[in-house]
Protein chains: 2
Amino acid sequence: MYSWESDHVQSRQDKREAILATALRLFADRGFVGTPTSLISKEAGVATGTLFFYFKTKEDLIDDLYKRIKAEAAQALCRGLKMEKTGKGKLRRLGNNAVTWGMRNPEKKKFLEMFAHSPFVSAGAQEEGMSHFIFLKDIIHDGIQEGVIRDMDPALLFCMMAAAINGLVSRASVVKDPMERDRIIAEGLDFVWNGMKT
Amino acid sequence: MYSWESDHVQSRQDKREAILATALRLFADRGFVGTPTSLISKEAGVATGTLFFYFKTKEDLIDDLYKRIKAEAAQALCRGLKMEKTGKGKLRRLGNNAVTWGMRNPEKKKFLEMFAHSPFVSAGAQEEGMSHFIFLKDIIHDGIQEGVIRDMDPALLFCMMAAAINGLVSRASVVKDPMERDRIIAEGLDFVWNGMKT
DNA sequence: TCCAGAATTGACTAGTCAGTCAAATATTCT
DNA sequence: AGAATATTTGACTGACTAGTCAATTCTGGA
(Lines give C-alpha, C1' and ligand atoms only; values in the text may rest on other atoms or scores of the structure.)
Protein backbone atom coordinates (compact mmCIF):
# COMPACT_ATOMS: atom_id res chain seq x y z
CA MET A 1 0.00 0.00 0.00
CA TYR A 2 1.33 3.37 -1.01
CA SER A 3 0.41 6.50 0.84
CA TRP A 4 -1.26 8.04 -2.21
CA GLU A 5 -3.57 5.02 -2.34
CA SER A 6 -4.58 5.28 1.30
CA ASP A 7 -7.53 7.00 2.87
CA HIS A 8 -5.32 7.82 5.81
CA VAL A 9 -2.65 9.80 4.12
CA GLN A 10 0.35 9.80 6.39
CA SER A 11 3.57 11.45 5.39
CA ARG A 12 6.68 9.85 6.81
CA GLN A 13 7.39 12.45 9.47
CA ASP A 14 3.85 12.06 10.74
CA LYS A 15 4.78 8.76 12.34
CA ARG A 16 6.60 10.68 15.01
CA GLU A 17 3.42 12.62 15.72
CA ALA A 18 1.34 9.47 15.69
CA ILE A 19 3.64 7.92 18.26
CA LEU A 20 3.46 10.98 20.50
CA ALA A 21 -0.32 11.21 20.29
CA THR A 22 -0.79 7.51 20.98
CA ALA A 23 1.68 7.59 23.84
CA LEU A 24 -0.15 10.49 25.46
CA ARG A 25 -3.47 8.68 25.26
CA LEU A 26 -2.08 5.43 26.66
CA PHE A 27 0.06 7.02 29.36
CA ALA A 28 -2.91 9.03 30.58
CA ASP A 29 -4.99 5.98 31.26
CA ARG A 30 -2.43 3.30 32.06
CA GLY A 31 0.49 5.21 33.50
CA PHE A 32 4.08 5.21 32.32
CA VAL A 33 5.02 1.79 33.53
CA GLY A 34 1.69 0.24 32.66
CA THR A 35 2.25 1.17 29.04
CA PRO A 36 4.82 -0.99 27.23
CA THR A 37 6.52 0.54 24.22
CA SER A 38 5.28 -2.42 22.22
CA LEU A 39 1.70 -1.33 22.86
CA ILE A 40 2.43 2.25 21.88
CA SER A 41 3.94 1.23 18.58
CA LYS A 42 1.15 -1.24 17.89
CA GLU A 43 -1.61 1.30 18.55
CA ALA A 44 0.25 3.95 16.60
CA GLY A 45 0.45 1.59 13.65
CA VAL A 46 4.23 1.39 13.45
CA ALA A 47 6.84 -1.25 14.19
CA THR A 48 8.68 -1.38 17.50
CA GLY A 49 11.88 -0.40 15.78
CA THR A 50 10.28 2.75 14.41
CA LEU A 51 9.53 4.03 17.87
CA PHE A 52 13.17 3.66 18.81
CA PHE A 53 14.23 5.28 15.58
CA TYR A 54 12.49 8.49 16.61
CA PHE A 55 13.12 8.25 20.36
CA LYS A 56 16.35 6.86 21.69
CA THR A 57 14.68 5.48 24.81
CA LYS A 58 11.25 5.30 26.39
CA GLU A 59 12.29 8.01 28.79
CA ASP A 60 13.20 10.26 25.87
CA LEU A 61 9.69 9.83 24.55
CA ILE A 62 8.22 10.75 27.92
CA ASP A 63 10.48 13.77 28.30
CA ASP A 64 9.61 14.94 24.82
CA LEU A 65 5.91 14.73 25.54
CA TYR A 66 6.45 16.55 28.80
CA LYS A 67 8.31 19.48 27.28
CA ARG A 68 5.78 19.78 24.51
CA ILE A 69 2.74 19.74 26.80
CA LYS A 70 4.35 22.07 29.28
CA ALA A 71 5.09 24.59 26.54
CA GLU A 72 1.56 24.32 25.22
CA ALA A 73 0.11 24.82 28.69
CA ALA A 74 2.25 27.89 29.27
CA GLN A 75 1.03 29.32 25.98
CA ALA A 76 -2.59 28.64 26.92
CA LEU A 77 -2.15 30.43 30.24
CA CYS A 78 -1.05 33.58 28.42
CA ARG A 79 -4.14 33.86 26.24
CA GLY A 80 -5.44 37.42 26.40
CA LEU A 81 -3.10 38.31 29.22
CA LYS A 82 -1.67 41.31 27.39
CA MET A 83 -5.09 42.92 27.21
CA GLU A 84 -5.39 43.05 30.96
CA LYS A 85 -3.87 46.18 32.38
CA THR A 86 -4.16 45.59 36.13
CA GLY A 87 -2.46 42.91 38.17
CA LYS A 88 -5.84 41.87 39.43
CA GLY A 89 -7.17 41.47 35.92
CA LYS A 90 -4.12 39.49 34.88
CA LEU A 91 -4.45 37.13 37.81
CA ARG A 92 -8.14 36.56 37.26
CA ARG A 93 -7.53 35.88 33.61
CA LEU A 94 -4.73 33.52 34.52
CA GLY A 95 -6.97 31.47 36.77
CA ASN A 96 -9.64 31.29 34.13
CA ASN A 97 -7.18 30.21 31.48
CA ALA A 98 -5.74 27.53 33.73
CA VAL A 99 -9.11 26.03 34.52
CA THR A 100 -10.24 26.20 30.91
CA TRP A 101 -7.13 24.47 29.67
CA GLY A 102 -7.33 21.78 32.33
CA MET A 103 -10.95 21.06 31.53
CA ARG A 104 -10.34 20.92 27.80
CA ASN A 105 -7.21 18.80 27.97
CA PRO A 106 -7.81 16.12 30.57
CA GLU A 107 -5.24 13.75 29.12
CA LYS A 108 -2.53 16.36 29.06
CA LYS A 109 -3.41 17.47 32.57
CA LYS A 110 -3.26 13.89 33.78
CA PHE A 111 0.06 13.41 32.07
CA LEU A 112 1.58 16.47 33.75
CA GLU A 113 0.27 15.29 37.10
CA MET A 114 1.69 11.84 36.68
CA PHE A 115 4.98 13.24 35.52
CA ALA A 116 5.22 15.52 38.52
CA HIS A 117 4.59 12.65 40.93
CA SER A 118 6.73 10.14 39.14
CA PRO A 119 9.98 9.31 40.88
CA PHE A 120 11.89 8.65 37.67
CA VAL A 121 11.82 12.10 36.16
CA SER A 122 14.82 13.57 34.42
CA ALA A 123 15.86 16.69 36.32
CA GLY A 124 16.64 18.37 33.02
CA ALA A 125 13.13 18.08 31.68
CA GLN A 126 11.73 19.17 35.04
CA GLU A 127 13.81 22.32 34.88
CA GLU A 128 13.08 23.16 31.28
CA GLY A 129 9.39 22.66 31.98
CA MET A 130 9.43 25.23 34.75
CA SER A 131 11.27 27.77 32.60
CA HIS A 132 8.10 28.42 30.63
CA PHE A 133 6.41 29.68 33.74
CA ILE A 134 8.85 32.30 34.90
CA PHE A 135 6.50 35.04 33.73
CA LEU A 136 4.08 33.98 36.47
CA LYS A 137 6.52 35.08 39.11
CA ASP A 138 6.52 38.55 37.56
CA ILE A 139 2.77 38.76 37.52
CA ILE A 140 2.58 37.74 41.16
CA HIS A 141 5.31 40.22 42.00
CA ASP A 142 3.45 43.02 40.22
CA GLY A 143 0.26 42.09 42.05
CA ILE A 144 2.02 42.40 45.38
CA GLN A 145 3.53 45.75 44.34
CA GLU A 146 0.11 47.01 43.33
CA GLY A 147 -1.15 46.03 46.73
CA VAL A 148 -3.95 43.82 45.43
CA ILE A 149 -2.27 40.64 46.62
CA ARG A 150 -1.22 39.97 50.16
CA ASP A 151 2.50 40.15 50.72
CA MET A 152 3.40 36.51 51.01
CA ASP A 153 6.19 34.29 49.71
CA PRO A 154 5.73 34.33 45.91
CA ALA A 155 6.82 30.72 45.58
CA LEU A 156 4.22 29.73 48.16
CA LEU A 157 1.54 31.65 46.34
CA PHE A 158 2.53 29.97 43.11
CA CYS A 159 2.43 26.50 44.67
CA MET A 160 -0.90 27.01 46.35
CA MET A 161 -2.51 28.60 43.34
CA ALA A 162 -1.42 25.75 41.14
CA ALA A 163 -2.49 23.12 43.65
CA ALA A 164 -5.86 24.73 44.33
CA ILE A 165 -6.66 25.13 40.65
CA ASN A 166 -5.67 21.56 40.09
CA GLY A 167 -8.08 20.48 42.80
CA LEU A 168 -10.75 22.65 41.26
CA VAL A 169 -10.37 21.09 37.83
CA SER A 170 -10.46 17.60 39.35
CA ARG A 171 -13.68 18.38 41.11
CA ALA A 172 -15.28 20.22 38.20
CA SER A 173 -14.41 17.43 35.80
CA VAL A 174 -16.71 14.95 37.51
CA VAL A 175 -19.71 17.27 37.39
CA LYS A 176 -21.77 16.52 34.33
CA ASP A 177 -24.35 19.33 34.33
CA PRO A 178 -22.77 22.30 32.48
CA MET A 179 -24.62 24.94 34.51
CA GLU A 180 -23.62 23.42 37.80
CA ARG A 181 -20.09 22.94 36.55
CA ASP A 182 -19.77 26.59 35.62
CA ARG A 183 -21.05 27.55 39.04
CA ILE A 184 -18.45 25.33 40.68
CA ILE A 185 -15.67 26.78 38.57
CA ALA A 186 -16.73 30.29 39.54
CA GLU A 187 -16.82 29.30 43.22
CA GLY A 188 -13.43 27.68 42.93
CA LEU A 189 -11.86 30.71 41.31
CA ASP A 190 -13.35 32.87 44.06
CA PHE A 191 -11.69 30.60 46.60
CA VAL A 192 -8.32 31.15 44.97
CA TRP A 193 -8.85 34.85 44.58
CA ASN A 194 -10.01 35.37 48.16
CA GLY A 195 -7.04 33.35 49.32
CA MET A 196 -4.57 35.75 47.86
CA LYS A 197 -6.19 39.16 47.72
CA THR A 198 -5.44 41.71 50.42
CA MET B 1 21.74 -16.94 65.71
CA TYR B 2 18.80 -17.06 68.04
CA SER B 3 16.71 -14.03 68.75
CA TRP B 4 17.62 -14.07 72.46
CA GLU B 5 21.26 -13.79 71.46
CA SER B 6 20.73 -10.83 69.19
CA ASP B 7 21.06 -7.15 69.93
CA HIS B 8 18.19 -6.56 67.57
CA VAL B 9 15.54 -8.62 69.24
CA GLN B 10 12.90 -9.35 66.66
CA SER B 11 9.90 -11.44 67.52
CA ARG B 12 8.42 -13.41 64.67
CA GLN B 13 5.46 -11.17 64.00
CA ASP B 14 7.79 -8.20 63.75
CA LYS B 15 8.91 -9.33 60.30
CA ARG B 16 5.61 -8.17 58.93
CA GLU B 17 6.23 -4.75 60.43
CA ALA B 18 9.79 -4.71 59.13
CA ILE B 19 8.52 -5.43 55.64
CA LEU B 20 5.93 -2.68 55.83
CA ALA B 21 8.40 -0.12 57.16
CA THR B 22 11.01 -0.99 54.56
CA ALA B 23 8.45 -0.96 51.77
CA LEU B 24 7.26 2.50 52.78
CA ARG B 25 10.77 3.87 52.75
CA LEU B 26 11.62 2.35 49.39
CA PHE B 27 8.31 3.17 47.72
CA ALA B 28 8.59 6.78 48.82
CA ASP B 29 11.86 7.31 47.04
CA ARG B 30 11.72 4.87 44.13
CA GLY B 31 8.03 4.54 43.40
CA PHE B 32 5.94 1.38 43.33
CA VAL B 33 7.27 -0.02 40.11
CA GLY B 34 10.82 1.07 40.73
CA THR B 35 10.88 -1.05 43.85
CA PRO B 36 11.14 -4.79 43.23
CA THR B 37 9.82 -7.07 45.94
CA SER B 38 13.25 -8.69 46.01
CA LEU B 39 14.75 -5.39 47.17
CA ILE B 40 12.12 -4.93 49.84
CA SER B 41 12.75 -8.35 51.31
CA LYS B 42 16.50 -7.92 51.12
CA GLU B 43 16.48 -4.54 52.90
CA ALA B 44 13.99 -5.81 55.45
CA GLY B 45 16.30 -8.71 56.19
CA VAL B 46 13.92 -11.49 55.20
CA ALA B 47 13.71 -13.99 52.35
CA THR B 48 11.57 -13.36 49.29
CA GLY B 49 9.24 -16.12 50.32
CA THR B 50 8.61 -14.47 53.66
CA LEU B 51 7.27 -11.35 52.01
CA PHE B 52 4.78 -13.45 50.09
CA PHE B 53 3.90 -15.38 53.22
CA TYR B 54 2.59 -12.19 54.81
CA PHE B 55 1.25 -10.52 51.67
CA LYS B 56 -0.36 -12.54 48.95
CA THR B 57 0.80 -10.16 46.23
CA LYS B 58 2.79 -6.97 45.88
CA GLU B 59 -0.46 -5.09 45.40
CA ASP B 60 -1.75 -6.47 48.69
CA LEU B 61 1.30 -5.04 50.38
CA ILE B 62 0.69 -1.65 48.80
CA ASP B 63 -3.00 -1.68 49.71
CA ASP B 64 -2.18 -2.63 53.26
CA LEU B 65 0.25 0.24 53.61
CA TYR B 66 -2.28 2.57 52.08
CA LYS B 67 -5.08 1.65 54.48
CA ARG B 68 -2.79 1.87 57.44
CA ILE B 69 -1.37 5.27 56.53
CA LYS B 70 -4.75 6.66 55.61
CA ALA B 71 -6.17 5.61 58.97
CA GLU B 72 -3.21 7.11 60.78
CA ALA B 73 -3.57 10.38 58.86
CA ALA B 74 -7.27 10.58 59.67
CA GLN B 75 -6.47 10.07 63.33
CA ALA B 76 -3.82 12.79 63.23
CA LEU B 77 -6.28 15.22 61.68
CA CYS B 78 -8.64 14.74 64.61
CA ARG B 79 -6.13 15.64 67.30
CA GLY B 80 -7.70 18.15 69.67
CA LEU B 81 -10.70 18.62 67.43
CA LYS B 82 -13.18 17.86 70.19
CA MET B 83 -11.91 20.76 72.24
CA GLU B 84 -12.85 23.25 69.59
CA LYS B 85 -16.40 24.42 69.98
CA THR B 86 -16.89 26.60 66.91
CA GLY B 87 -16.80 25.52 63.31
CA LYS B 88 -14.17 28.13 62.70
CA GLY B 89 -11.99 26.75 65.46
CA LYS B 90 -12.41 23.22 64.19
CA LEU B 91 -11.43 24.18 60.67
CA ARG B 92 -8.38 26.11 61.79
CA ARG B 93 -7.30 23.22 63.94
CA LEU B 94 -7.86 20.86 61.05
CA GLY B 95 -5.60 22.85 58.77
CA ASN B 96 -2.91 23.00 61.40
CA ASN B 97 -3.09 19.28 62.04
CA ALA B 98 -2.90 18.50 58.35
CA VAL B 99 0.18 20.63 57.81
CA THR B 100 1.84 19.31 60.92
CA TRP B 101 1.27 15.71 59.94
CA GLY B 102 2.47 16.30 56.39
CA MET B 103 5.64 17.97 57.56
CA ARG B 104 6.40 15.27 60.10
CA ASN B 105 5.67 12.33 57.83
CA PRO B 106 7.12 13.17 54.44
CA GLU B 107 7.41 9.53 53.39
CA LYS B 108 3.83 8.76 54.25
CA LYS B 109 2.66 11.92 52.53
CA LYS B 110 4.63 11.01 49.43
CA PHE B 111 3.19 7.52 49.51
CA LEU B 112 -0.38 8.80 49.67
CA GLU B 113 0.32 11.18 46.82
CA MET B 114 1.80 8.48 44.65
CA PHE B 115 -1.02 6.14 45.48
CA ALA B 116 -3.61 8.74 44.54
CA HIS B 117 -1.97 9.36 41.17
CA SER B 118 -1.20 5.77 40.41
CA PRO B 119 -3.35 4.26 37.70
CA PHE B 120 -3.26 0.76 39.16
CA VAL B 121 -5.07 1.38 42.41
CA SER B 122 -7.60 -1.08 43.75
CA ALA B 123 -10.96 0.67 43.89
CA GLY B 124 -11.68 -1.10 47.17
CA ALA B 125 -8.71 0.38 48.96
CA GLN B 126 -9.47 3.79 47.47
CA GLU B 127 -12.98 3.63 48.90
CA GLU B 128 -12.01 2.37 52.32
CA GLY B 129 -9.36 5.06 52.49
CA MET B 130 -11.91 7.79 51.95
CA SER B 131 -14.26 6.37 54.56
CA HIS B 132 -11.98 7.64 57.32
CA PHE B 133 -12.59 11.19 56.20
CA ILE B 134 -16.35 11.35 56.21
CA PHE B 135 -16.26 13.42 59.38
CA LEU B 136 -14.70 16.23 57.37
CA LYS B 137 -17.87 16.63 55.36
CA ASP B 138 -19.76 17.18 58.59
CA ILE B 139 -17.35 19.81 59.81
CA ILE B 140 -17.59 21.66 56.54
CA HIS B 141 -21.34 21.37 56.63
CA ASP B 142 -21.46 22.77 60.16
CA GLY B 143 -19.21 25.63 59.14
CA ILE B 144 -21.56 26.56 56.33
CA GLN B 145 -24.55 26.35 58.69
CA GLU B 146 -22.78 28.60 61.17
CA GLY B 147 -22.24 31.09 58.40
CA VAL B 148 -18.49 31.27 58.84
CA ILE B 149 -17.82 29.47 55.56
CA ARG B 150 -19.08 30.61 52.22
CA ASP B 151 -21.89 28.51 50.85
CA MET B 152 -20.12 26.50 48.21
CA ASP B 153 -20.14 22.89 47.05
CA PRO B 154 -18.77 20.94 50.05
CA ALA B 155 -16.98 18.46 47.81
CA LEU B 156 -15.28 21.33 46.04
CA LEU B 157 -14.24 22.87 49.32
CA PHE B 158 -12.85 19.55 50.44
CA CYS B 159 -10.89 19.09 47.21
CA MET B 160 -9.45 22.56 47.21
CA MET B 161 -8.57 22.54 50.87
CA ALA B 162 -6.76 19.26 50.51
CA ALA B 163 -4.97 20.38 47.35
CA ALA B 164 -3.96 23.75 48.78
CA ILE B 165 -2.64 22.27 52.00
CA ASN B 166 -0.74 19.74 49.99
CA GLY B 167 0.84 22.53 48.00
CA LEU B 168 1.63 24.34 51.21
CA VAL B 169 3.41 21.36 52.72
CA SER B 170 5.40 20.86 49.52
CA ARG B 171 6.57 24.44 49.60
CA ALA B 172 7.22 24.54 53.34
CA SER B 173 9.22 21.33 53.19
CA VAL B 174 11.96 22.87 51.09
CA VAL B 175 12.44 25.81 53.44
CA LYS B 176 15.24 25.05 55.88
CA ASP B 177 15.07 27.99 58.29
CA PRO B 178 12.52 27.10 61.01
CA MET B 179 11.39 30.69 61.59
CA GLU B 180 10.78 31.32 57.93
CA ARG B 181 9.09 27.98 57.58
CA ASP B 182 6.67 28.76 60.37
CA ARG B 183 5.91 32.08 58.74
CA ILE B 184 5.19 30.36 55.45
CA ILE B 185 2.93 27.83 57.10
CA ALA B 186 0.99 30.62 58.79
CA GLU B 187 0.68 32.46 55.46
CA GLY B 188 -0.44 29.31 53.74
CA LEU B 189 -3.09 28.56 56.32
CA ASP B 190 -4.32 32.14 55.97
CA PHE B 191 -4.64 31.58 52.25
CA VAL B 192 -6.83 28.55 52.84
CA TRP B 193 -8.86 30.24 55.50
CA ASN B 194 -9.45 33.41 53.45
CA GLY B 195 -10.42 31.23 50.54
CA MET B 196 -13.31 29.69 52.36
CA LYS B 197 -14.48 32.16 54.96
CA THR B 198 -17.49 34.35 54.25
C1' DT C 1 10.77 -35.18 74.66
C1' DC C 2 8.04 -35.33 70.62
C1' DC C 3 4.68 -33.68 67.51
C1' DA C 4 1.89 -30.62 64.61
C1' DG C 5 1.52 -26.65 62.61
C1' DA C 6 3.41 -22.01 61.84
C1' DA C 7 7.08 -19.46 59.94
C1' DT C 8 11.12 -19.10 56.95
C1' DT C 9 14.19 -19.92 53.28
C1' DG C 10 16.15 -19.19 48.51
C1' DA C 11 16.63 -21.48 44.16
C1' DC C 12 13.64 -21.63 40.49
C1' DT C 13 9.90 -20.61 36.88
C1' DA C 14 7.28 -18.32 33.59
C1' DG C 15 6.55 -14.23 31.72
C1' DT C 16 7.40 -9.35 30.42
C1' DC C 17 9.66 -5.56 28.41
C1' DA C 18 13.15 -2.09 26.66
C1' DG C 19 16.05 -1.91 23.24
C1' DT C 20 18.97 -4.06 18.99
C1' DC C 21 20.03 -5.17 14.38
C1' DA C 22 20.35 -6.86 9.82
C1' DA C 23 17.51 -6.84 6.10
C1' DA C 24 14.00 -4.49 3.34
C1' DT C 25 11.87 -0.49 1.48
C1' DA C 26 11.32 4.30 0.40
C1' DT C 27 13.23 8.89 -0.80
C1' DT C 28 16.44 12.18 -2.52
C1' DC C 29 20.22 13.61 -5.16
C1' DT C 30 23.17 13.57 -9.27
C1' DA D 1 18.60 5.38 -13.94
C1' DG D 2 21.43 4.37 -10.13
C1' DA D 3 23.87 5.48 -6.02
C1' DA D 4 23.52 7.19 -1.50
C1' DT D 5 20.86 8.07 2.33
C1' DA D 6 16.81 7.93 5.32
C1' DT D 7 13.19 5.34 7.13
C1' DT D 8 10.81 1.08 8.49
C1' DT D 9 10.29 -3.55 9.87
C1' DG D 10 9.76 -7.42 13.35
C1' DA D 11 12.16 -11.32 15.14
C1' DC D 12 15.28 -11.61 18.68
C1' DT D 13 18.10 -10.88 23.09
C1' DG D 14 19.38 -10.03 27.66
C1' DA D 15 17.92 -8.39 31.85
C1' DC D 16 14.65 -8.29 35.27
C1' DT D 17 10.65 -9.51 38.31
C1' DA D 18 6.38 -11.33 40.69
C1' DG D 19 5.30 -15.19 42.63
C1' DT D 20 5.98 -20.60 43.76
C1' DC D 21 7.30 -24.50 46.33
C1' DA D 22 9.68 -28.24 48.48
C1' DA D 23 12.61 -28.40 52.09
C1' DT D 24 13.99 -26.68 56.62
C1' DT D 25 13.66 -24.49 61.09
C1' DC D 26 11.16 -22.76 64.79
C1' DT D 27 7.44 -22.72 68.46
C1' DG D 28 4.18 -23.97 71.83
C1' DG D 29 1.55 -27.51 73.67
C1' DA D 30 0.83 -32.45 75.29
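Below, chain A is the first sequence line, B the second, and so on; all start at residue 1.
Distance A:Phe55 CZ to C:dA18 P: 15 Å, rounded to the nearest Å. Between the P atom of D:dT17 and the CD atom of B:Glu59 lies a distance of 18 Å, rounded to the nearest Å. If you measure from atom CZ of A:Phe32 to atom P of C:dC17, you get 17 Å, rounded to the nearest angstrom. The nearest whole Å value for the distance from the CG atom in B:Asp14 to the C1' atom in C:dT8 is 15 Å. Distance, B:Leu39 CG to D:dA18 C1': 14 Å, rounded to whole Å. Distance B:Lys42 NZ to C:dT9 C1': 16 Å, rounded to the nearest Å. Here D:dT20 presents its C1' atom at 17 Å from NZ of B:Lys58, a figure rounded to the nearest Å. Look at CZ on B:Phe52: it is 17 Å from P on D:dA22, rounded to the nearest Å.
The nearest heavy atom of DNA chain C to A:Lys56 and to A:Gly34 marks one nucleotide each, and the one closer to the 5' end goes with A:Gly34.
Here CZ of B:Arg171 is found 11.5 Å from CD1 of B:Ile185. Values are rounded to the nearest 0.5 Å. Here NZ of A:Lys56 is found 13.0 Å from CG of A:Asp64. Values are rounded to the nearest 0.5 Å.
Residue A:Thr50 places at least one side-chain N or O under 4.0 Å from the OP1 or OP2 atom of D:dT9. Residue B:Tyr54 places at least one side-chain N or O closer than 4.0 Å to OP1 or OP2 of C:dT8. Distances shorter than 4.0 Å separate some side-chain N or O of B:Thr37 from OP1 or OP2 on D:dA18. Residue B:Lys15 places at least one side-chain N or O closer than 4.0 Å to OP1 or OP2 of C:dT9.
Checked by distance alone, A:Thr48 brings a side-chain donor or acceptor within 3.5 Å of a matching partner on the base of D:dA11. On a pure distance criterion of 3.5 Å, no polar donor-acceptor pair joins the side chain of B:Thr57 and the base of D:dG19.
The backbone N or O of A:Lys108 sits nowhere less than 3.5 Å from a side-chain atom of A:Asn105 that would complete a donor-acceptor pair. Remark: side-chain polar atoms of B:Glu187 are not paired, donor with acceptor, to backbone N or O of A:Met152 under 3.5 angstrom.
Distance from the side chain of A:Ala47 is smallest for D:dT9 among the nucleotides C:dT9, D:dT9, D:dG19. Nearest nucleotide to the B:Phe53 side chain, out of C:dA7, D:dA18, C:dG19: C:dA7.
The aromatic rings of B:Phe115 and B:Tyr66 lie parallel to each other, with less than 30° between the two planes, well short of the 60° mark.
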